[in-house]
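Heads up, the thing below is written out as structure tokens.
All chains are named by letter (A, B, ...) in the order of the sequence lines, taking the proteins before the strands, and each is independently numbered beginning at 1.
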Amino acid sequence: MLFAEIVATSGGVAATAARSTKADLLADLLRRLDDDEVEPAVGFLTGEVRQGRIGVGWATLMAIVSDPSAEPTLTVGDIDLAMSELAATIGSGSGAARASLLSRLFGRATEPEAAFLVRLLGGELRQGANEGVMVDAVAKAAGVPAAAVRRAHMLGGRLDTCARAAITGGTAALEQIGLQVGRPLRPMLASTAPDTATALEDLGRASVEWKLDGIRIQVHRQGDAIWVFTRNLNDITARVPELTDAIARLPVTSVVLDGEAVAFDDAGRPRMFQETVSWRARAEGDEGAAAATSSPAAPDAVTDDADADVEVEIALDQAPAGLRPYFFDCLHLDGRDLVDEPLADRLAALDAAVGPWRMPGTVTDDLAVAAAVLAESLGAGHEGVVAKAVGSPYEAGRRGKAWRKVKPVHTLDLVVLAAEWGHGRRQGWLSNLHLGARDPAGGFVMVGKTFKGMTDALLTWQTERLGQLEERATKGTVWVHPELVVEVAVDGVQSSTRYPGGVALRFARVVRYREDKDPADADTIGAVQALLPG
DNA sequence: ACAAGTGCCTC
DNA sequence: CTCGGAA
DNA sequence: TTCCGAGGAGGCACTTGT
């Protein structure tokens, strides 16, 4: 099939409002593909290339110079091949080689094809349809129930291969795609709740578990073979030897576990998220250190009689404590799939499988108990809790209401220093705010930006109001007289080298404007810094 | 040898 | 990761 | 209810430029 047909379909999808019509358009195209074209085409129409990292982003795309072709000649296979070549182009000189490859490719593309490629490779397809719509499209094209596609997608992890299976083999082929140890499934996600009482009232009897601020891990083990995947199903096995050591010791023959990995300090307190992230990457290629860092002590051993050898090696390494896994779900144990079993049964399997690495938590329907678990978690330096209905199955890939996360929210009164013009549906509105805390010595210290929490009506108001306060502007940004106070909610702050106050807001969103307040009433930089842990 | 720019990953 | 809009 | 897209913070790997 010509790539131009993909581009035309994407255009049609973008011009359509109804999701079902978008799916119809996509299904029409899927039916016309050759079998070998299904996987790349599903990727292109969900904004991805199946080769993954190809080392091409906006800067690279903007530097391409080429004359568009008049007639479409590129096929789906041509583009797929080009992506494979780009992915394989690494090492010294690869930048120029990729640029050359892209120039030649764009020279063979018509103008609409080139524009589509820029959006695809730039990660901004913006056609109002992604994997969610594509699932329905695949079902329509293959004449199978959407639920069958959805389930295969969740358990198999990749929609492109599910699409090919559905179209070439129908329901029977989809049913072959089950949970397989060594292949990641899409993790279940949690929706939010304002507090533990609300969560428990919605859920009834629930497992209330600590929520740790680290990296989501999905661990697979089959005999001696171990895999560690992230939330987005990336394989980080080689980068987390401390975890694989611990997993190797579990009393199981095969297992699939869901959990969180966090780095801890000497005192047994969790490190800041940024430190956990950097921990993840440091092990590989770090010859001596990786071998010396033996399995971390189990949580119960750390607080009282920690293993002396571990302590010594850690001190030598200048890298105290380390990365620890905390598991909160068990999806497969010794040959038995548990995804469809109720949480209570999965927790029983978890207890048998992970011993000391179990996420702390309590099954309860008592509001006071739930509140106490939250207090314990926060007291131990963690992020909050997740409450989970005890009867719920593991809804892979879904952000269902069976899991509710509860995190404390802080609010700050900050001053708008500048705003950036929005893009896409925010075009024409001043959207992204630069936020400053008050410096008691005079002036304001920028601590972050936010574009979240604004309704369309607020965007309109804010664009007009900030326009009145404009002092100077560059392309994309308007600096304003610092007098507008805005109440901002944050999950917390983190240390920053970018911002002059040494702190940056985490997940900042606008609550409301405070026109009743003056900049002199705004929170100080000291108040913001006080939110740093420790 | 070192710094800057870019891509891509986590949340 | 959060949020608001839309189907 | 579900999906999409608006865009935030930091940190490492890799490549290129000085």
[N], OP1 or OP2 - any side-chain N/O from [X] closer than 4.0 Å?
X: A:Arg126; N: D:dA6; value: yes
X: A:Gln274; N: D:dG11; value: yes
X: A:Asn232; N: B:dT10; value: yes
X: A:Lys401; N: D:dT1; value: yes
X: A:Thr60; N: B:dT6; value: no
X: A:Arg19; N: C:dA6; value: no

Do A:Tyr326 and A:Trp210 have side-chain heavy atoms sitting under 4.5 Å apart?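 Of all side-chain heavy-atom pairs linking A:Trp210 with A:Tyr326, none is under 4.5 Å.
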
Need to verify one output field. Residue with the more 5' nearest nucleotide on DNA chain C, A:Lys407 or A:Asp456? A:Lys407

Assign each of A:Ala457 and A:Lys211 to its nearest nucleotide of DNA chain C by heavy atoms, then name whichever residue's nucleotide is nearer the 5' end. A:Lys211

Taking only Watson-Crick and G-U wobble pairs with both distances under 3.5 Å, what dot-bracket line describes DNA chain D, where [ ] shows pairs that cross earlier ones and | shows pairs with another strand? ||||||.|||||||||||

If you only use heavy atoms from C-beta on, which nucleotide in B:dT10, D:dT15, D:dG10 is closest to the side chain of A:Ala504?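 The listed nucleotide nearest to A:Ala504's side chain is D:dG10.
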
Let me know the distance between [atom1] of [X] and [atom2] of [N], rounded to the nearest Å.
X: A:Asn432; N: D:dG5; atom1: CG; atom2: P; result: 19 Å
X: A:Arg53; N: D:dC12; atom1: CZ; atom2: P; result: 14 Å
X: A:Lys405; N: B:dC11; atom1: NZ; atom2: C1'; result: 10 Å
X: A:Leu505; N: D:dG8; atom1: CG; atom2: P; result: 13 Å

